[in-house]
Amino acid sequence: MAVTGDETETGTSGDLTACQLHNSSSSLPQGEAEASGRSSQKHSESIAKRELRLMKNREAARECRRKKKEYVKCLENRVAVLENQNKTLIEELRALKDIYRHKVE
DNA sequence: ATGCACCCGCGTCACCTGTA
DNA sequence: TACAGGTGACGCGGGTGCAT
């Protein structure tokens, strides 16, 4: 699976949260603590956004493949029908030719 | 039993297109 | 113009048939 990007991202996110936990408990000035809180919130929001996007795309891909399969099956059915039709018409033509030949003779 | 080629389905990314 | 959804392309893992 091509999860490399995902893995690296979740990996870094894991590291970050660990760092953030450490930072919040350490003696950071209030301004910096708030700023880091905001940035960590932004970060987790963007991660959530990405996960939502991936989830939606996963389902979209599944649906897209299902539709494509159905479409191909439909085309295959159509081919079968047309082949039968062609066979029947060829038979009909042969019979008509026969009739015509007998009339001429 | 094992190695190999092939197929299938999946998740993800990148791109395109339609819509608000 | 930003955003959402559809889809082709790619790489991966698992299943299967076949030759050795």
Side-chain angles (χ1 to χ4, degrees):
Chain A
M1 242 164 273
V3 228
T4 52
D6 213 1
E7 273 172 1
T8 52
E9 236 187 84
T10 50
T12 50
S13 77
D15 289 342
L16 270 177
T17 47
C19 285
Q20 282 152 9
L21 280 175
H22 270 102
N23 283 341
S24 62
S25 61
S26 69
S27 55
L28 222 58
Q30 200 185 351
E32 283 182 40
E34 279 176 12
S36 90
R38 273 197 302 272
S39 83
S40 84
Q41 188 187 343
K42 266 194 173 176
H43 185 250
S44 56
E45 272 173 13
S46 80
I47 285 180
K49 225 175 171 181
R50 173 182 155 77
E51 274 171 3
L52 185 64
R53 184 162 51 82
L54 286 181
M55 195 185 75
K56 281 186 175 177
N57 188 240
R58 206 177 300 141
E59 281 161 16
R62 230 177 271 152
E63 177 66 7
C64 182
R65 286 175 183 130
R66 190 193 63 76
K67 274 168 62 184
K68 190 174 179 179
K69 236 179 155 180
E70 200 176 296
Y71 175 67
V72 168
K73 204 182 278 178
C74 189
L75 285 182
E76 285 169 349
N77 283 342
R78 188 162 163 68
V79 166
V81 166
L82 290 175
E83 276 175 353
N84 275 338
Q85 242 175 25
N86 197 33
K87 226 182 264 176
T88 306
L89 287 172
I90 286 172
E91 278 304 311
E92 203 176 316
L93 180 61
R94 188 173 300 155
L96 288 173
K97 276 181 174 174
D98 259 13
I99 291 171
Y100 177 72
R101 201 179 309 129
H102 283 118
K103 268 196 172 178
V104 168
E105 286 168 2

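So you know, we letter chains A, B, ... as the sequences are listed, proteins then strands, and number each from 1. Heavy-atom basis, side chains included; hydrogens, waters and symmetry copies ignored.
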So does R50(A) get a side-chain nitrogen or oxygen closer than 4.0 Å to the phosphate oxygens (OP1/OP2) of dC13(B)? yes
If only side-chain N and O atoms of K69(A) are considered, is one of them under 4.0 Å from the OP1 or OP2 phosphate oxygen of dG9(B)? yes
Could you state the CD-P distance from E59(A) to dG9(B), rounded to the nearest angstrom? 19 Å
dC10(B) OP1/OP2 closer than 4.0 Å to side-chain N/O of R58(A): no
Provide, to the nearest angstrom, the distance between the NZ atom belonging to K67(A) and the C1' atom belonging to dG8(C). 14 Å
Please determine if a side-chain N or O atom of K56(A) lies less than 4.0 Å away from the OP1 or OP2 oxygen of dG5(C). yes
Thinking salt bridges, do R62(A) and E59(A) make one under a 4.0 Å N-O criterion? no
Tell me the interatomic distance from L52(A), atom CG, to dC3(C), atom C1', rounded to whole angstroms. 13 Å
Identify which nucleotide among dC13(B), dG11(B), dG6(C) has an atom closest to any side-chain atom of A60(A), counting heavy atoms from C-beta outward. dG6(C)
Atom CZ of R53(A) to atom P of dC13(B): distance rounded to whole Å? 7 Å
Return the nearest nucleotide to the side chain of C64(A); candidates are dC10(B), dT7(C), dC13(B). dT7(C)
Integer-rounded Å distance: dA4(C) P and M55(A) CE: 13 Å
Minimum-distance nucleotide to K68(A) side chain [options: dG8(C), dG11(B), dT7(C)]: dG8(C)
Tell me the interatomic distance from N57(A), atom CG, to dG8(C), atom P, rounded to whole angstroms. 13 Å
CD of E51(A) to OG of S44(A), rounded to nearest 0.5 Å, is 10.5 Å
